[in-house]
Protein chains: 2
Amino acid sequence: MSELALPDYDDVAAASLRIAGYANQTPVLTSRTANDWFGAQLYFKCENFQRMGAFKFRGAMNALSQFTPQQKAAGVVAFSSGNHAQAIALAAKLLGIPATIVMPHDAPAVKVAATRGYGGQVVEYNRYTEDREQIGRQLAEQHGLTLIPPYDHPHVIAGQGTAAKELFEEVGELDALFVCLGGGGLLSGSALAARWLAPRCKVYGVEPVAGNDGQQSLRSGQIVHIDTPQTIADGAQTQHLGKYTFPLICQNVDDILTVTDDALVECMRFFAERMKIVVEPTGCLGFAAARDVRETLRGKRVGVIVSGGNVDISRFGQLLAGQDQR
Amino acid sequence: MSELALPDYDDVAAASLRIAGYANQTPVLTSRTANDWFGAQLYFKCENFQRMGAFKFRGAMNALSQFTPQQKAAGVVAFSSGNHAQAIALAAKLLGIPATIVMPHDAPAVKVAATRGYGGQVVEYNRYTEDREQIGRQLAEQHGLTLIPPYDHPHVIAGQGTAAKELFEEVGELDALFVCLGGGGLLSGSALAARWLAPRCKVYGVEPVAGNDGQQSLRSGQIVHIDTPQTIADGAQTQHLGKYTFPLICQNVDDILTVTDDALVECMRFFAERMKIVVEPTGCLGFAAARDVRETLRGKRVGVIVSGGNVDISRFGQLLAGQDQR
């Protein structure tokens with residue numbers, strides 16, 4: 001895998017064709033209330049309406065559809081407790097590929113059930129005593145499975161870039177694009193699309209303030225590792241950027257901003273109350289950062305990628321009701 | 001007003017043209033999960049994405065855009081504590097018509113603020129000692145205002161029918177259509193659209209079991225009055241059908257079904273968890289009834305009108321979290 005080249009825009013365009021008919025072309029929503037508030041025109045690319053509820057399906061589908069017949073027959077393995085697990089399981093099911101997903105033994109039952117519901121075989125590990133990457137690699141070696149990592153893979157990155165590609169194709173050039181940042185798959189893919197389709201568009205990655213490894217990395221010029229950050233944005237609890245995502249971000253991203261968990265909850269409420277959509281905490285990162293810098297956006301055309309809507313519904317309810325014990 | 005004729009499909013078609021450019025053509029969402037569960041193909045017409053968050057804007061816009069210049073100059077008056085108030089206020093603002101809204105003095109501050117935010121002048125009354133209809137009529141007489149009732153008016157009914165018209169035009173014929181029922185504006189308008197565009201489609205109205213005056217009325221052949229029903233479906237807390245809606249429902253509706261408040265909460269959770277949309281309790285009526293009779297819908301094409309998404313967001317959170325004190 002290490003010999004794969006960094007993806008470019010052609011790979012994003014090719015991914016679009018590969019996932020067509022499988023992935024949803026998600027809606028771009030607008031809000032008069034948000035526009036009035038910002039004095040700008042905002043376009044929300046709503047990946048919470050993507051299949052399995054998040055953009056991750058795009059990258060998984062793009063990666064798995066490039067498997068050789070031998071790889072397809074042997075199967076795929078992934079380690080994830082979140083959206084990547086379900087994305088791989090669903091893409092594998094659609095392509096008739098056996099999928100093994102390595103999940104922590106204490107993962108939420110609903111996520112394990114969803115992954116199994118998509119036909120994935122779940123292998124549990126103890127997250128306190130075992131190393132999931134090692135388990136994944138062992139399974140891959142023993143059974144000839146192909147390991148697809150959650151973000152640091154050119155095919156995954158190219159697939160994630162198709163969301164921003166669709167956005168630009170639907171609404172035209174933008175002045176700024178705000179994208180949530182965990183490991184950088186969505187951000188680096190989005191930035192490729194922006195550089196080609198809207199060269200003057202500023203591209204911002206957005207992290208939780210508790211997990212600003214990306215910001216530190218971009219500013220220091222090297223990949224900074226941090227401990228697992230404490231944040232409600234569970235999709236952004238990554239510890240470091242990857243060897244593919246980091247150089248792409250350095251080349252194509254203008255800046256990385258950070259937001260607080262409180263800001264994420266406020267944006268989640270705005271999405272529910274004013275736009276009638278359910279957005280997971282990680283999916284609120286882009287809007288929260290745009291809100292913080294809205295004075296600089298007056299009169300501009302602004303894109304926001306809403307990355308997903310997979311949140312435990314009781315917890316979502318508690319957050320909306322202001323009863324969350326964080 | 002009493003001399004206006006019952007509306008027919010031509011009035012619905014004319015309303016479509018009148019509200020075009022003002023009302024949103026709302027999306028029709030589908031859910032693989034719901035389809036698999038029902039063994040049917042479901043189409044959800046999502047009026048929670050309508051302007052001001054509910055279908056009511058259609059009827060208000062259709063009614064106000066037929067005002068004479070004299071009526072426009074004098075203004076409109078409406079009595080409502082719910083979506084009709086905001087619908088009239090917004091439609092009036094867009095058409096440059098002064099709007100007076102009679103609301104209970106203890107209406108939720110957020111609703112009063114929303115109505116004022118759309119430019120409506122709010123007149124408060126004491127709901128325990130005063131009669132809002134009388135206040136509305138007095139205001140109308142004293143100031144030459146035109147009173148637009150929330151459902152029992154041919155122009156309101158015709159406007160509400162445009163949602164179902166859009167649904168049939170987008171997805172084609174259906175075998176069954178489920179529509180929430182309060183005073184019957186949406187149901188009677190939807191049934192007009194169904195009779196013309198999908199003559200074989202069964203049309204069902206759906207009420208909360210606690211407020212089944214519509215069901216009693218249809219079955220007894222006369223308008224039955226009930227006390228204000230206790231239900232979380234605040235849009236269906238009407239006490240009786242109207243002189244326009246009742247005959248239209250008798251002519252064009254196949255049956256009226258009832259559902260429990262618990263079923264509404266379960267459907268609200270389904271919408272949030274699986275479809276990532278916020279639906280108010282009243283907006284869940286259609287889906288809840290379809291769910292109850294899903295065995296009869298196998299292999300069929302089924303339409304569900306999701307009427308709105310205006311729910312206090314803290315209360316919505318409590319309902320999702322299972323912490324509601326009903």
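Lettering follows sequence order; numbering is per chain, from 1.
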Tyr22(A)-Phe57(A) aromatic ring centre distance below 6.0 Å: no
Does CZ belonging to Arg294(A) count more than 12 external heavy atoms closer than 6.0 Å? yes
When Glu273(A), Met275(A), Arg269(A), Arg32(A) are compared by non-hydrogen pairs under 4.5 Å with chain B, the top option: Arg32(A)
What part of Asn310(B) gets closer than 4.5 Å to chain A, counting heavy atoms only: side chain, backbone, both or neither? both
Select, from Val311(A), Val279(A), Asp312(A), Asn48(A), the one with the greatest count of heavy-atom pairs under 4.5 Å involving chain B. Asn48(A)
If one checks every heavy atom of Asp36(B) against chain A at 4.5 Å, the contacting part turns out to be neither
Looking only at heavy atoms and a cut-off of under 4.5 Å, which of Ala272(A), Gly308(A), Cys46(A) has the most pairs with chain B? Ala272(A)
Indicate the atoms forming the closest heavy-atom contact of Ala99(A) with Ala92(A), along with that distance. CB-CB, 3.6 Å
Among Phe270(B), Tyr43(B), Phe178(B), whose ring pair (Phe, Tyr, Trp, His ring centres under 6.0 Å) with Phe287(B) holds? Phe270(B)
Nearest-0.5 Å distance, CD of residue Glu280(B) to CG of residue Leu264(B): 11.0 Å
